[in-house]
Amino acid sequence: MLVATWNINSIRARVDRATAFLERTGVDVLALQETKCKDEQFPAAAFESLGYEVAHVGHSQWNGVAIVSRVGIADVEVGFPDMPTWGDPPAAEARAIGATCGGVRVWSLYIPNGREIGDPHFTYKLDWLARLRDAASGWLAADPAAQVALVGDWNVAPLDSDVWDPAFFAGRTHVTPAEREAFAGIAEAGYTEVSRVHLPAEHTYTYWDYQQLRFPKNMGMRIDLTYASPALAERVTGVTIERNERKGKTPSDHVPVVLEIEAR
DNA sequence: ATGGCTCTGCTACAGAGA
């Protein structure tokens, strides 16, 4: 089974890319982030005509996460337990959706950006990751053999070698010790970040800014990552970063990351 | 690939992204 994650940066602007990607790769489960639309605006028919089912949550032009699956999509859950809220009045944002697909509990996650160090959004980001750690820890406590994939845009570069120039990021978000510790909390809860296990090379990126010719110069970041529960991690036989999806006309600034999972 | 940002709502620009 193939499970992929992709920050698509508007599903309406790139639905043709997404469907072409599914047809080309045969991915069974695709987790999307930054769909940037409301539920009724999501182009579900384009996926359904290819034999996929869709679960989506989106409230506005911001955020939005989805799971697209051709191996079932059961027990859809919008948001995880005790997920932090944002705004005034406080409300749950469309940043997490879970579903059981082909026997794997897949979570499509869009971790808050944080904006600037010290910004309330930065505190929100750290809190969001801490609550996710607690939820993920609970899932393993309830079932140590759980098949759980936490995939998405984490907005954290765990290592200095995950960004094109650590000096550029000094004083910026995504690389601070606080963010990296919050990200590591998921590992401390028992999960393995499987993309690095299979793709350990430094300067392996999943995102390149649209500005300043960052992609042709390969000045990117590795922020689209996958935590797998112990029982799932041992079934992951390979990971692929679909770098070519950053090329061509109107790409997303992120590319898909594909996990190959062996059958049980 | 041969270039120096893009999406949304809205219709002028502002907010957000990272």
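Quick note on labels: first sequence line is chain A, next is B, and so on, each numbered from 1.
- On the C1' atoms, B:dT2 is 32 Å away from B:dC13, given to the nearest whole Å.
- When the side-chain nitrogen and oxygen atoms of A:Asn63 are compared with OP1 and OP2 of B:dA16, none of them lie within a distance under 4.0 Å.
- Judged as a salt bridge (charged side-chain N to carboxylate O under 4.0 Å, His left out), not a single pair has a partner in residues 202-215 of chain A (not counting sequence neighbours).
- Protein atom CZ of A:Arg12 is 14 Å distant from nucleotide atom C1' of B:dT6, rounded to whole Å.
- Evaluation of the side-chain hydrogen bond (donor to acceptor under 3.5 Å, both in side chains) rule for A:Asp134 yields no partner, not counting sequence neighbours.
- Between B:dA18 and A:Asn113, a contact under 4.0 Å exists linking OP1 or OP2 to a side-chain N or O.
- Non-hydrogen atoms lying under 4.0 Å from DNA chain B are contributed by A:Glu34, A:Lys36, A:Gln41, all within residues 33-45 of chain A.
- The aromatic ring centroids of A:Phe183 and A:Tyr227 lie less than 6.0 Å from each other.
- Listed by first and then second residue, the salt bridge (charged side-chain N to carboxylate O under 4.0 Å, His left out) pairs that reach into residues 62-76 of chain A are A:Asp28-A:Arg70, sequence neighbours excluded.
- B:dA18 and B:dT8: their P atoms are spaced 15 Å apart (whole Å).
- Counting non-hydrogen atoms under 4.0 angstrom, A:Arg14 reaches the backbone sugars and phosphates but no base.
- Candidate nucleotides B:dT8, B:dA18, B:dT6 were compared by shortest atom distance to the side chain of A:Gln61, and B:dT8 ranks first.
- An OP1 or OP2 oxygen of B:dA16 is reached within less than 4.0 angstrom by a side-chain nitrogen or oxygen of A:Arg115.
- Closest-nucleotide positions on DNA chain B for A:Phe169 and A:Lys247 were compared, and the one nearer the 5' end corresponds to A:Lys247.
- When the side-chain nitrogen and oxygen atoms of A:His121 are compared with OP1 and OP2 of B:dA16, none of them lie within a distance under 4.0 Å.
- Atom CH2 in A:Trp6 sits about 15 Å away from atom C1' in B:dC7, given to the nearest Å.
- One atom, CZ of A:Phe122, and another, C1' of B:dA18, lie 13 Å apart when rounded to the nearest Å.
- Going from atom CG of A:Asp253 over to atom P of B:dT6 covers 10 Å, rounded to whole Å.
- In terms of position on DNA chain B, the residue among A:Pro251 and A:Gly248 whose nearest nucleotide sits closer to the 5' end is A:Gly248.
- Checking the phosphate oxygens (OP1, OP2) of B:dA18, no side-chain nitrogen or oxygen of A:Thr173 falls inside 4.0 Å.
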Which donor-acceptor pairs under 3.5 Å do the side chains of residues 42-50 of chain A make with protein atoms, sequence neighbours left out?
unit_1, atom_1, unit_2, atom_2, d
A:Ser49, OG, A:Ala45, O, 3.4
A:Ser49, OG, A:Ala46, O, 3.1

With a cut-off of 3.5 Å and sequence neighbours excluded, list every side-chain donor-acceptor pair involving residues 249-264 of chain A.
unit_1, atom_1, unit_2, atom_2, d
A:Ser252, OG, A:Asn7, O, 2.7
A:Ser252, OG, A:His254, N, 3.1
A:Ser252, OG, A:His254, O, 3.4
A:His254, ND1, A:Asp224, OD1, 3.2
A:His254, ND1, A:Asp224, OD2, 2.8

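- Proximity of A:Asn155 to the phosphate of B:dA18: a side-chain N or O atom is located under 4.0 Å from OP1 or OP2.
- Classified by interplanar angle (parallel below 30°, tilted 30° to 60°, perpendicular above 60°), the ring pair A:His121/A:Tyr124 is perpendicular.
- A:Tyr110 comes within contact range of the sugar-phosphate backbone alone, with a heavy-atom separation under 4.0 Å but no base atom that close.
- Note: NZ (A:Lys125) to C1' (B:dG17) measures 11 Å, nearest angstrom.
- Look at NE2 on A:His59: it is 18 Å from C1' on B:dG15, rounded to the nearest Å.
- When the side-chain hydrogen bond (donor to acceptor under 3.5 Å, both in side chains) test is applied to A:Ser10, no partner is found at least two apart in sequence or on another chain.
- With no hydrogens or angles considered, a side-chain donor-acceptor pair links A:Lys36 and A:Asn9 at under 3.5 Å.
- Annotation: proximity of residues 199-219 of chain A to DNA chain B (heavy atom, distance under 4.0 Å) is found for A:Tyr207, A:Asp209, A:Tyr210, A:Gln211, A:Gln212, A:Leu213, A:Pro216, A:Lys217, numbered in ascending order.
- Look at CH2 on A:Trp62: it is 14 Å from C1' on B:dA18, rounded to the nearest Å.
- Listed pair A:Arg172 / B:dA18 fails the phosphate criterion, with no side-chain N or O lying under 4.0 Å from OP1 or OP2.
- Atom-to-atom, CG of A:Asp153 to P of B:dC7 comes out at 17 Å; the value is rounded to the nearest Å.
- For A:Phe122, there are no ring pair (Phe, Tyr, Trp, His ring centres under 6.0 Å) partners, not counting sequence neighbours.
- Side-chain polar atoms of A:Thr206 and A:Arg222 form no donor-acceptor pair below 3.5 angstrom.
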